[in-house]
Amino acid sequence: MKDYELEKRKYVIGGIATLIVVIYIIRLFSLQITSDDYKKSADSNAFLKKIDYPSRGIITDRNGKLLVFNQPAYDIMVVVNEAKGRLDTLEFCQTLGITREDFDRRMEVIMDRSRNPGYSRFTQQLFMNQLSDQDFSVFQEKMYRFPGFYVQRRTIRQYQYNCAAHVLGDVAEVSPADIEEDDYYQPGDYIGKLGVERSYERQLRGEKGVQILLRDAHGRVQGHYQNGAFDRKPSPGKNLTLGIDYKLQMLGERLMQNKIGSIVAIEPSTGEVLCMVSSPSYDPRLMVGRLRAKNHLELSRNPFKPLLNRSIMGQYPPGSTFKTTQGLTFMSEGIITPSTMYPCSHGFHYRGLKVGCHGHAAPLPLVPAISTSCNGFFCWGLYYMIGAKSKYHTVQNAMNTWRDYMVSMGFGYRLGIDLPGEKRGLIPNAQFYDKAYKGSWNGLTIISIAIGQGEVNATPLQIANLGATIANRGWYYVPHVVKKIEGEPLDTTYTHRHKTMASRTAYDYIVQGMRSSVLGGTCHALSKYDFMACGKTGTAQNRGRDHSVFMGFAPMDKPKIAVAVYVENGGWGADYGVPIGGLIMEQYINGKLSEASEKKAEEFQHRVINYGSDNR
């Protein structure tokens, strides 16, 4: 009789044996064909690939003054496969001055693929970065006792002056996101994080080199593989020349001490940024070395936000500096002529609506309206432009025409400066107000935008660009901080001329008004200089004390510099904006300050604004 149980058992045992054979075949295929672990292991025994890091490009100011340079630093690298089980950990920790707990923590991070995505036990991994010369010397003497550990020489950034931190930016270790985004980087590499260092990272970083070294069975380096036939030399990064004048930058930062705000100066004929001050600031040298993380944390916790670049990120009401854009628009659209006069009885009064103004002669036409900063004139102009009975047929058409003029002058969108983080400000359009007022609104509803208040917001950079545009009588280049890249042309973004919608005739009258403001108006403090300055003050309303604003340029006919000054809670535009703007103009045009101006600069340097809770 046939034993069916035995028959079944035979098939089961055969199936198991077959499965085991298949598993072995798959595993052998994986090890020998698809996996390169053994190849890496063999290569790591025979070869040592040593990365040669290029020197990062240096950065100078517009006159060739060195601002950022390189200095040597040393990183300790580890090949985990070589160090495992062969290291005297106690002596190693004593040599580097670290604890066993610190050692274990660092090794844990290295071998954690979630925190170190590029980890391989056969390749060099960063153990400790930026050793000082003294620590490096001590370690180098004993390095032969620490198998699997190597020294990688590289450079770190150093800053010549305590200035322009927001413009220059800083360099720090790459994040996992940086590595994932660009395969040029590996753990332990450095990358520009802010400022020019970030915007021009690809030009500054250069190209890495590599040395393939041959090792014996004991891991000792015997020389270059095939006499260096496969080695590759590093290519240094490209040098940058900025448009910044470091003397002007340092003066601006002096003047803004103990104040919150910004100074931006532009060369109108090129769009090059001559200085960009954001206050409070910080010493860029704090962001170098092994204490960078600690210093960055402290700065980020500072309630006055020194890491914030207010020049391009601060969004403020432009105040009366914005009246120049209104005059340009009204005249270009035929709403007014140079002789059109509007009343101002201590402000704009109509149908129960009142916008206040300081005392001055009235009625008056455009040029003296700019000179005296008359609120009434520009409110009436906006009322006649944005009204149901205007030539635009609907209030929406009129509003969008107004918006288009503002956008053409550089407001409402990012200008496109070569720095990360620029904000766009706000220029409202008809859709904005239709939504806000459910379609029921007119020129009176939004009258405050005529004087740079209400919903209008702008960055100090945009206000400075307005000054450059008026100086040029109707055109501008996108502002940029880099003047020249070694061996490479500037992006065409910064060499294309942008023309506004306003007419040349309108600009001529606005320039007359700004010059009149200096000769006998709100910018009279500028009349003492030996160059013909043009200016416009602003006093931007705020929940606390008003902001002090100034926008101007000089000389009048052949402008070399356009300036915007914004001092939070500084009061009238003439209190802080005008005198600071005048000192900036004098320094750049004359190359130095007069003795009287130097005393004035000292006074403003030590003048303190109280930023208590009532003023914020």
Side-chain angles (χ1 to χ4, degrees), residues 262-274 276 311-312 314-332 370 373 378 402-417 422-427 449-453 456-480 497-504 506-515 517 522-523 533-540 547 549-554 556 559 561-566 573 577-578 581 584-585:
S262 170
I263 302 172
V264 179
I266 298 173
E267 183 177 60
S269 62
T270 63
E272 292 165 10
V273 174
L274 302 172
M276 179 177 282
S311 299
I312 62 173
Q315 300 177 93
Y316 303 100
S320 294
T321 62
F322 203 62
K323 292 173 183 174
T324 57
T325 66
Q326 305 309 288
L328 290 165
T329 303
F330 301 156
M331 180 171 284
S332 299
I370 291 287
S373 196
F378 297 98
W402 178 90
R403 184 274 319 273
D404 291 344
Y405 269 86
M406 300 306 106
V407 170
S408 79
M409 296 178 199
F411 293 96
Y413 293 90
R414 297 181 185 90
L415 281 166
I417 190 170
E422 182 188 3
K423 301 298 183 182
R424 62 180 291 175
L426 175 62
I427 294 294
I449 67 174
I451 57 173
Q453 297 286 166
V456 172
N457 272 330
T459 65
L461 176 69
Q462 291 171 332
I463 299 172
N465 188 65
L466 172 63
T469 305
I470 298 172
N472 290 332
R473 277 62 166 180
W475 58 268
Y476 67 91
Y477 290 112
V478 172
H480 49 284
R497 184 179 289 193
H498 297 260
K499 194 176 186 308
T500 76
M501 293 174 62
S503 69
R504 171 60 192 253
Y507 275 102
D508 289 339
Y509 279 99
I510 294 299
V511 171
Q512 288 182 38
M514 293 175 68
R515 180 59 185 162
S517 180
T522 56
C523 295
C534 298
K536 181 71 196 76
T537 56
T539 305
H547 302 318
V549 196
F550 168 76
M551 179 270 294
F553 61 91
M556 175 179 172
I561 183 172
V563 185
V565 180
Y566 209 107
V578 173
I584 292 293
M585 289 178 178

Worksheet entry | Sub-4.5 Å side-chain heavy-atom contact between V456 and P318 | yes

> Under the side chain to side chain contact (heavy atoms under 4.5 Å, CB included) criterion, do C523 and F550 qualify, and how do the steps go?
Replying inline: CA-CA 9 Å; C523 295; F550 168 76; 3.9 Å; yes

>> Could you tell me if the side chain of I312 sits less than 4.5 Å from the side chain of M276, heavy atoms only?
In response: yes

Practice item. Indicate yes or no for a side-chain donor-acceptor contact from R414 to the backbone of E422 under 3.5 Å, with no hydrogens or angles considered. Key: yes

message = If we ignore hydrogens and angles and just use 3.5 Å, is the side chain of R515 paired with the main-chain N or O of A533 as donor and acceptor?
response = yes

Legend entry - Validation row: W402, Q326 side chains within 4.5 angstrom (heavy atoms): yes

Margin query: I'd like to know whether OH of Y405 has more than 12 heavy-atom contacts from other residues, nucleotides or ligands below 6.0 angstrom.
Written below: yes

Notebook entry, point to check: Hey, mind stepping through I470 and K536 against side chain to side chain contact (heavy atoms under 4.5 Å, CB included) and telling me if it holds?
Noted result: CA-CA 11 Å; I470 298 172; K536 181 71 196 76; over 6 Å; no

Exercise. For S332 and S503, indicate whether the former's side chain and the latter's backbone hold a donor-acceptor pair under 3.5 Å.
Key: yes

Item to check | Side-chain (T539) to main-chain (G573) donor-acceptor, under 3.5 angstrom | outcome: yes

Exercise for review: With side chain to side chain contact (heavy atoms under 4.5 Å, CB included) as the test, would you mind laying out the steps for N472 and Y477 before giving the verdict?
Suggested key: CA-CA 10 Å; N472 290 332; Y477 290 112; 5.9 Å; no

- Please confirm whether the backbone N or O of Y413 pairs with a side-chain atom of Q462, one donor and one acceptor, at under 3.5 Å? yes

Quick one: does M501's side chain get under 4.5 Å of V407's, heavy atoms only? no

inquiry  = Working note: Y316 + S262, criterion side-chain hydrogen bond (donor to acceptor under 3.5 Å, both in side chains); need CA distance, chi angles, decisive distance, verdict.
reply    = CA-CA 11 Å; Y316 303 100; S262 170; over 6 Å; no

Please check if the side chain of K323 supplies one atom and the backbone of S373 the other of a donor-acceptor pair under 3.5 Å. yes

Heavy-atom distance under 4.5 Å between the side chains of E272 and H480, does that happen here?
yes

Quiz item: Just by distance, do the side chain of S517 and the backbone of G513 share a donor-acceptor pair under 3.5 Å?
Solution: no

- Task: Would you indicate whether the side-chain heavy atoms of F553 and T469 approach each other to under 4.5 Å?
- Result: no

Main-chain N/O of L426 paired to Q315 side chain as donor or acceptor, under 3.5 Å
no

All heavy atoms of A564 vs all of P460, minimum pair found to be CB-O, 3.7 Å

